[in-house]
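Just so it is clear, the values below take in all heavy atoms, side chains as well, and ignore hydrogens, waters and symmetry mates. Just so you know, these numbers come straight off a predicted model, no measurement behind them.
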Amino acid sequence: MKPRISVITLGVDDLERSLKFYKEGLGLPTKGIVGQEFEHGAVAFFDLQSGLKLAIWNRKDIAHDTSIEQTPKSPTEFTIGHNVGSKAEVDTVMEQARKAGATITVPAHDTFWGGYSGYFQDPDRHLWEVVWNPAWEFTE
């Protein structure tokens, strides 16, 4: 297996609500919901950095497609990290998420390891960390 991920799919309970949050609230580019002509097929994809997409798909449809019983949600199963270039950018993104309807679980703050981060939850309680790490450099 090559060390690459091409799609991260989040299970959601209300596809339209989540589409609005990610598209209008956070400004992620998307063509909207596709696959509605197929039973269990409605999904939306958002273009992230080169070669990576974020997908939102109804939890019940993921359960159907994978033949796994739908279980209660737990926001502590994983986090999604969004690294940015400065402390100010952490603050900006956190405020954008708040205005979009996110729940701020941990306001932006200096971390014990020398960075700066905060956490928010999307409408389905998926946990996002917005973080500036002074040891990581990246280009857009």
For the student: nearest non-hydrogen atoms of [X] and [Y], plus distance:
X: M94; Y: V106; answer: CE-O, 3.6 Å
X: P123; Y: F21; answer: CD-CG, 3.5 Å
X: R59; Y: G11; answer: CG-C, 3.3 Å
X: P134; Y: W113; answer: CD-CZ3, 4.1 Å

If you round to the nearest 0.5 Å, how far is [atom2] of [Y] from [atom1] of [X]?
X: Q96; Y: E89; atom1: CD; atom2: CD; answer: 10.0 Å
X: H64; Y: N58; atom1: NE2; atom2: CG; answer: 12.5 Å
X: I104; Y: Q121; atom1: CD1; atom2: CD; answer: 10.0 Å
X: E24; Y: K99; atom1: CD; atom2: NZ; answer: 15.5 Å
X: T9; Y: D61; atom1: OG1; atom2: CG; answer: 12.0 Å

Are the side chains of [Y] and [X] in contact, using a 4.5 Å heavy-atom criterion?
X: V7; Y: L52; value: no
X: I62; Y: T66; value: yes
X: L54; Y: T30; value: no
X: I56; Y: F46; value: yes
X: T105; Y: L127; value: yes
X: V12; Y: W57; value: no
X: P107; Y: F120; value: no
X: V131; Y: V90; value: no

query: Without hydrogens or angle criteria, can the side chains of Y116 and D91 be said to hold a donor-acceptor pair below 3.5 Å?
result: yes

- prompt: Between E129 and S117, is any side-chain donor less than 3.5 angstrom from a side-chain acceptor?
  reply: yes

field: Residue E39 excluded, over 12 heavy atoms near CD under 6.0 Å
entry: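 Check fails, neighbour count at 12 or below.
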
message: Counting only heavy atoms not in K20 (residues, nucleotides, ligands), do more than 12 fall under 6.0 Å from its NZ?
response: no

message: Side-chain heavy atoms under 4.5 Å apart, restricted to Ile/Leu/Val/Met/Phe/Trp/Tyr: what other residues fall into the cluster of I68, or is it alone?
response: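 I68 shares its hydrophobic cluster with no other residue.
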
message: Quick one: does any side-chain atom of N133 pair with a main-chain N or O of A135 as donor and acceptor, under 3.5 Å?
response: yes

- prompt: Is the backbone N or O of R125 less than 3.5 Å from a side-chain atom of D122, with the two atoms forming a donor-acceptor pair by type?
  reply: yes

Consider only side-chain heavy atoms of I, L, V, M, F, W and Y, link residues closer than 4.5 Å, and tell whether [X] and [Y] are in one cluster.
X: V34; Y: L48; result: no
X: L19; Y: L15; result: yes
X: Y119; Y: I8; result: no
X: V93; Y: L26; result: yes
X: F38; Y: F45; result: no

- prompt: If you measure from the Lys or Arg side-chain nitrogens to the Asp or Glu carboxylate oxygens, is any gap between D110 and K87 under 4.0 Å?
  reply: yes

field: Intermediate values then yes/no, side-chain hydrogen bond (donor to acceptor under 3.5 Å, both in side chains), D124 and S18
entry: CA-CA 8 Å; D124 287 278; S18 293; 2.8 Å; yes

field: Parallel, tilted or perpendicular: rings of Y22 and W128 (30°, 60°)
entry: tilted

task: Test salt bridge (charged side-chain N to carboxylate O under 4.0 Å, His left out) on K60 and D13 and set out the steps.
output: CA-CA 8 Å; K60 65 179 177 54; D13 291 322; over 6 Å; no

